[in-house]
There are 2 protein chains.
Amino acid sequence: MVIRTGSDPARVLREAGLRATPQRLAIVREVLERNHPTAGEVFEAVRLEFPTMGLGTVYATLNMMSERGLLNVLPVSDAVRFDANIQPHANLICNQCGSIVDFDDCDDVLAQLRERTSAGAGFAFAAEHIDLYGTCARPRRPPRTS
Amino acid sequence: MVIRTGSDPARVLREAGLRATPQRLAIVREVLERNHPTAGEVFEAVRLEFPTMGLGTVYATLNMMSERGLLNVLPVSDAVRFDANIQPHANLICNQCGSIVDFDDCDDVLAQLRERTSAGAGFAFAAEHIDLYGTCARPRRPPRTS
DNA sequence: TTTACTGCAAAGGGTTTGCATGAGG
DNA sequence: CCTCATGCAAACCCTTTGCAGTAAA
């Protein structure tokens with residue numbers, strides 16, 4: 001079971017052994033609606049609806065969901081970002097505007113890569129993290145500050 | 001010009017517009033001899049030779065070298081790691097022992113991946129960051145604590 | 001009712017910054 | 001000599017931890 005737009009978030013959480021609190025449902029919604037947000041970005045968004053929400057709670061929830069396999073973790077330079085797409089995939093990261101979009105049209109190439117690692121040096125493949133940096137077709141300002 | 005075992009580090013630094021101080025040469029040596037070290041690991045090693053060395057100096061040097069294209073930056077979960085191999089390549093990261101080894105036997109596959117990104121959505125490729133997680137042939141204890 | 005989650009505050013750790021001193025070219 | 005690098009300390013920011021109160025199941 002995965003979380004995605006259209007699925008029942010409460011059910012997904014409970015199947016993973018997590019309680020479906022209103023705060024958590026809001027966190028799930030923001031992760032789905034936003035573009036690979038950081039914990040801080042989720043916090044800012046959810047706080048509009050739940051002013052008493054604590055940043056620690058956001059971290060606890062996102063980390064819990066990652067441990068249960070509901071989210072992918074993307075360590076980028078400045079902070080950790082979370083992705084509801086738990087399928088192995090590459091990310092296209094724009095150097096101009098900082099956008100991160102999933103690049104799904106390369107499953108066959110990634111499959112080759114995995115096979116190659118098993119063949120070379122007896123490496124038992126488990127997971128991958130693939131970021132491709134460049135400039136996207138329509139970079140929105142502002143250019144990234146980092 | 002790249003830094004690698006056998007090349008003249010002082011010359012590489014000066015060609016990049018950096019001064020070749022004894023501290024910097026020691027930092028370069030540690031980056032070459034160690035396995036994708038963090039700034040802290042470089043600091044601990046260089047401090048044996050230069051007891052007055054400051055951690056801030058190590059960060060300044062490594063960041064400067066990264067900006068000049070002498071080092072690759074690897075943001076991993078816990079800290080940033082530095083790599084003297086500036087050729088595009090994949091990293092094999094062992095979940096058991098934390099070792100990071102360059103995986104060079106996949107240049108053709110990575111080339112395919114780059115072409116594919118240009119074809120898809122007009123993304124202008126610039127750089128890549130590819131980590132493959134799994135278990136290496138001979139994991140040395142201890143298993144990673146994180 | 002029981003267990004897990006929330007909220008809050010404080011601490012932790014990697015990284016950056018500021019500035020005076022000192023050394024490289 | 002002038003510029004850049006060093007060394008030291010403090011600040012920064014993301015993230016984690018601890019604990020008492022609260023809500024989910």
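The structure displayed is predicted, hence computed values, not measured ones. A note on names: the letters A, B, ... follow the listed sequences, proteins ahead of strands, and every chain is numbered from 1.
The distance from atom CZ of F50(B) to atom P of dG7(D) is 8 Å, rounded to the nearest whole Å. The distance from atom CE of M53(A) to atom C1' of dC5(C) is 11 Å, rounded to the nearest whole Å. Summarising the geometry, the separation between CE on M65(A) and C1' on dA4(C) is reported as 16 Å, rounded to the nearest angstrom. When rounded to the nearest whole Å, the span between CE of M64(A) and P of dT17(D) equals 12 Å. If you measure from atom CZ of R68(B) to atom C1' of dC4(D), you get 11 Å, rounded to the nearest angstrom. Rounded to whole Å, atom P of dC8(C) lies 10 Å from atom CZ of R47(A).
T52(A) comes within 4.0 angstrom of the backbone, heavy atoms only, and of no base.
With contacts defined as side-chain heavy-atom distances shorter than 4.5 Å, the pair S99(A)/I93(A) does not qualify. Inter-residue side-chain proximity for I27(A) and V58(A) is flagged as met; some heavy-atom pair is nearer than 4.5 Å. Looking only at side-chain heavy atoms (C-beta outward), R29(A) and E49(A) come within less than 4.5 Å of each other.
A donor-acceptor pair shorter than 3.5 Å can be found between the side chains of D102(B) and H36(B). The closest side-chain donor-acceptor pair between D83(A) and H89(A) falls under 3.5 angstrom.
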Could you list the protein-to-nucleotides 12-16 of chain D atom pairs, N/O on both sides, closer than 3.5 Å?
from, atom 1, to, atom 2, distance (Å)
dT15(D), OP1, V80(A), N, 2.9
dT15(D), OP2, Y59(A), OH, 2.5
dT15(D), O5', Y59(A), OH, 3.2
dT16(D), OP2, N63(A), ND2, 2.9

N/O-N/O pairs, protein side and nucleotides 22-25 of chain C side, under 3.5 Å:
from, atom 1, to, atom 2, distance (Å)
dG24(C), N2, R19(B), NH2, 3.0
dG25(C), OP1, R14(B), NH1, 2.7
dG25(C), OP1, A20(B), N, 3.3

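One hydrophobic cluster, built from ILVMFWY side chains closer than 4.5 Å, cannot hold both I100(A) and I86(A); they sit in different ones.
Taking a 4.0 Å limit (strictly below) on heavy-atom distances, residues 23-34 of chain B does not reach DNA chain C anywhere.
Closest non-hydrogen pair, S66(B) versus V73(B), comes out as OG-CG2, 3.4 Å. Here the closest non-hydrogen pair linking P9(A) and L25(A) is CB-CD2, 3.8 Å.
Taking the charged nitrogens against the carboxylate oxygens, R116(A) and D108(B) do have a contact shorter than 4.0 Å, which makes a salt bridge. Between E128(A) and R114(A) there is a salt bridge, since a side-chain N of the basic residue sits under 4.0 Å from a carboxylate O of the acidic one.
Judged purely by atom type and a 3.5 angstrom limit, E15(B) has no side-chain atom pairing as donor or acceptor with the backbone of V12(B).
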